[in-house]
Amino acid sequence: MRNKREFVHIKDEHSKPSEWKNVKSQIAKFFQPVVDSRIRLENSRHFTLLIIAASLLIIGPCFVQTQKVIININGNWSPWSTVNTPCNASCGGGVMVKVRSCTNPRPQGMDAADCQGIDKEFFPCNTEPCDMQWSTWSPCSANCGRGMRMRHTRCAKERGGELFECEGEQYFTHTENCNSWIKDPALCASPCEGYECMDFGACVDVSTEEDPVAVCECQMGKIFDDSGLECVDPPATTPTPRPIPTMKAAVKAVASGMTKTASTLLIVFVTITLVIFGVLKIFDHGRVIQMNMEIALISAHICLLIEPPPEWMEICRLFSILIHLFFTTCFVFMCLESLHTYSLVAFVVKKNGLLTKMQNIVIGWGVGLGITLVVVSLEYKNYGGEYHCWLAMDTTLMIGQYVPIVLMVVLTLTLIEAAGAAEYRKLPGIDQRQQTSAKIMQRSNLIIMPMVFVSFLLGTLSSYEQNPGLYGTFTLVNGILGGSIFFFHSTGNEQVRAKLMRAYKTIIKKEKF
């Protein structure tokens, strides 16, 4: 803190003009004899000094000035008091005070600054509550079961005062276990409600007076596995694998001969059909679909004719895959044939069906190959067998082969039925010959498609069961199927029908003459 000095000049407050006037007259009167005798004293060396002194006495008080200094001293705090004031409460939280004053030094002067800051400090005291009690217990955390409950401290700021939740170090909690289970359906629901067991398991309520208890028990003859988490079939006491069916050598030779004969007959009939249309160069839209169906069917039966021995496992598996591919593709083309006939019979298009020749070929072989590849990727190890190379019907491969074929059979029958029931307005400019061929194809497909399906079914069963009766039926169906394909596919085409009619008329004329 720095003191400030200021210097100012003021006039003498004790001198007055009237008083100075009297003094001057007295001094003049005093020095008058000296003036009169100045001639005598002009040689005196003191004359000059006397004149100066008299002048100063006369005019000096008019110029005398007095100097006065004013000092500003800023205030400063004294030290804090070493003793606090007594606490103003015996419990529940009070206050003590320390003080200081602006006297070290006090502020002095006209512009002196006062002290900055507070002159009192307050300190908490006797913070312990006047009364502390436990709150009531909270509800049990579990509903109808074992859980936890809690209580906390409550404090009062004055004795006998209202309780509130304690704060700071006075707040703490107490936790303990609790059990809200009551074995009474009216109060606590069964633990099996909403309880889920594993497959083939059922919940059983075995609750006690103390706790709800639910257990799972296996049903329908199932038992728990070693982990106790799953219900499984009990182990077979005497596992009996399916014996490999066998036939006597003579019977097997006859059955094999009949099968090969039936496949040969079918191949011959269908091949003749292909040759006839090839020679006549008939490759219209409907014929392209039937031709590919015939090629797929012949390929399947060729694989059956040259079926390798089961001991050649990989080759046997390859032939099993090829048989699956060709039969599946055959059914795809029969489904496309029903779509072709529907589009003409129901007057959807004027001629040539919905799809082009190339579209029919790509869709037919593409769908057949796609279905086969999907099944092969899932069931490759199940292709082939221990004693035959067709279809192992005791594996899931049977589902992979039969389900797509059955779906295509259902779709084919649906399209055939829809075409027969269609009553749409006839399109102008429709190709009448193609429509007639489509109607014949519609009815022939209704005969050929079920026969192909029965042939496939009998073939898989006869190979799996090694049953002579099934082999005989398979042979008969294949023979009829080959003849049906030759007849219906030949007569169903308008160009072949025209040539047959011309040949018939020529023969009739020759007989007349």
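Remark: the backbone N or O of Met451 is not paired with any side-chain donor or acceptor of Ser455 at under 3.5 angstrom. Of the possible donor and acceptor atoms, none in the side chain of Gln290 sits under 3.5 Å from a partner among the backbone N and O of Val288. The main-chain N or O of Glu193 is never found under 3.5 Å from a side-chain atom of Ser190 such that the two would form a donor-acceptor pair. No side-chain donor-acceptor contact under 3.5 Å links Ser263 to the backbone of Lys260. At distances below 3.5 Å, not a single donor-acceptor pair connects side-chain atoms of Arg151 with backbone N or O atoms of Thr173. Remark: side-chain polar atoms of Thr341 are not paired, donor with acceptor, to backbone N or O of Met441 under 3.5 angstrom. Checked by atom type and distance alone, the side chain of Glu417 never pairs as donor or acceptor with a backbone atom of Thr414 at under 3.5 Å. The backbone N or O of Glu210 sits less than 3.5 Å from a side-chain atom of Asn179, completing a donor-acceptor pair. Looking at Ser338, its side chain does come within 3.5 Å of a backbone N or O of Cys335 through a donor-acceptor pair. A distance-only check finds a donor-acceptor pair linking the side chain of Thr153 to the backbone of Gln170 [under 3.5 Å].
In this pair, Phe453 and Tyr402 present their aromatic rings perpendicular. The plane angle is above 60°, beyond the 30 to 60° band. Between Phe486 and Phe269, the ring planes are tilted. Angles from 30° to 60° get that label.
In this structure, the side chains of His340 and Leu354 stay at 4.5 Å or more apart for every pair of heavy atoms. Side chains of Leu411 and Leu407 form no contact here, defined as non-hydrogen atoms less than 4.5 Å apart. Under the 4.5 Å side-chain criterion, counting only non-hydrogen atoms from C-beta, Trp134 is in contact with His174. Under the 4.5 Å side-chain criterion, counting only non-hydrogen atoms from C-beta, His301 is in contact with Phe327. Proximity of Pro212 to Cys188: side-chain heavy atoms (C-beta onward) are nowhere separated by under 4.5 Å. Residues Leu187 and Cys144 fail the side-chain proximity criterion, which asks for heavy atoms closer than 4.5 Å. Using a 4.5 Å heavy-atom threshold, the side chains of Thr273 and Ser490 count as touching. For the pair Val213 and Asp205, the minimum side-chain heavy-atom distance is 4.5 Å or more.
Annotation: the span from Ser444 atom OG to Ile416 atom CD1 amounts to 8.5 Å, rounded to 0.5 Å. If you take CD1 on Ile302 and OG1 on Thr264, they are separated by 10.0 Å, rounding to the nearest 0.5 Å. Summarising the geometry, atom CZ belonging to Arg146 is positioned 8.0 Å from atom CG belonging to Asn177; distances are rounded to the nearest 0.5 Å.
In the model, Tyr342 has no side-chain atom that pairs as donor or acceptor with a side-chain atom of Gln442 under 3.5 Å. A donor-acceptor pair shorter than 3.5 Å can be found between the side chains of Thr396 and Glu379.
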In sequence, state the C-alpha distance, the side-chain angles, and the governing distance for Thr271 and Ile298, and then conclude on side chain to side chain contact (heavy atoms under 4.5 Å, CB included).
CA-CA 8 Å; Thr271 302; Ile298 289 176; 3.7 Å; yes
Tell me, with the steps shown, if His489 and Ile448 meet side chain to side chain contact (heavy atoms under 4.5 Å, CB included).
CA-CA 10 Å; His489 284 190; Ile448 293 173; 3.6 Å; yes
Could you give me the CA-CA distance, side-chain angles and deciding distance for Glu294 and Ile485, then say whether side chain to side chain contact (heavy atoms under 4.5 Å, CB included) is met?
CA-CA 8 Å; Glu294 294 162 1; Ile485 291 175; 3.9 Å; yes
Does Tyr380 form a side chain to side chain contact (heavy atoms under 4.5 Å, CB included) with Ile321? I'd like the steps, not just the answer.
CA-CA 9 Å; Tyr380 177 77; Ile321 293 172; 4.0 Å; yes
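Taking the ring centre of Phe277 as origin, the terminal cationic atom of Arg287 falls inside the region bounded by 6.0 Å and 45° from the ring axis. For the pair Arg154 and Phe164, the cation does not sit on the ring face, since its NZ or CZ is not both under 6.0 Å from the ring centre and inside 45° of the axis.
Shown here for Met132 and Cys155, the closest heavy-atom pair between the two residues is CE-SG, 3.9 Å. Residues Ser207 and Lys183 share a closest heavy-atom pair of O-NZ, 3.0 Å.
Surrounding CD of Glu167 are at most 12 heavy atoms belonging to other residues, nucleotides or ligands under 6.0 Å away. With a 6.0 Å radius and a threshold of 12 heavy atoms from other residues, nucleotides or ligands, Asp184 has its CG atom above the threshold. Within 6.0 Å of the NZ atom in Lys439, the count of heavy atoms belonging to other residues, nucleotides or ligands does not exceed 12. Around atom CD of Glu176, more than 12 heavy atoms belonging to other residues, nucleotides or ligands sit under 6.0 Å away. Taking a 6.0 Å sphere around CD of Glu314, one finds it holds more than 12 heavy atoms contributed by other residues, nucleotides or ligands. The environment of Trp137 atom CH2 is dense: over 12 non-hydrogen atoms of other residues, nucleotides or ligands sit within 6.0 angstrom.
The ring of Phe172 has its center no closer than 6.0 angstrom to the ring center of His152.
For Cys303, the disulfide (SG to SG under 2.5 Å) criterion is met by no residue, not counting sequence neighbours. By the ring-ring contact (aromatic ring centres under 6.0 Å, His included) test, Phe123 pairs with no residue at all, sequence neighbours left out.
For the cysteine pair Cys197 and Cys203, the distance separating the two SG atoms is not below 2.5 Å.
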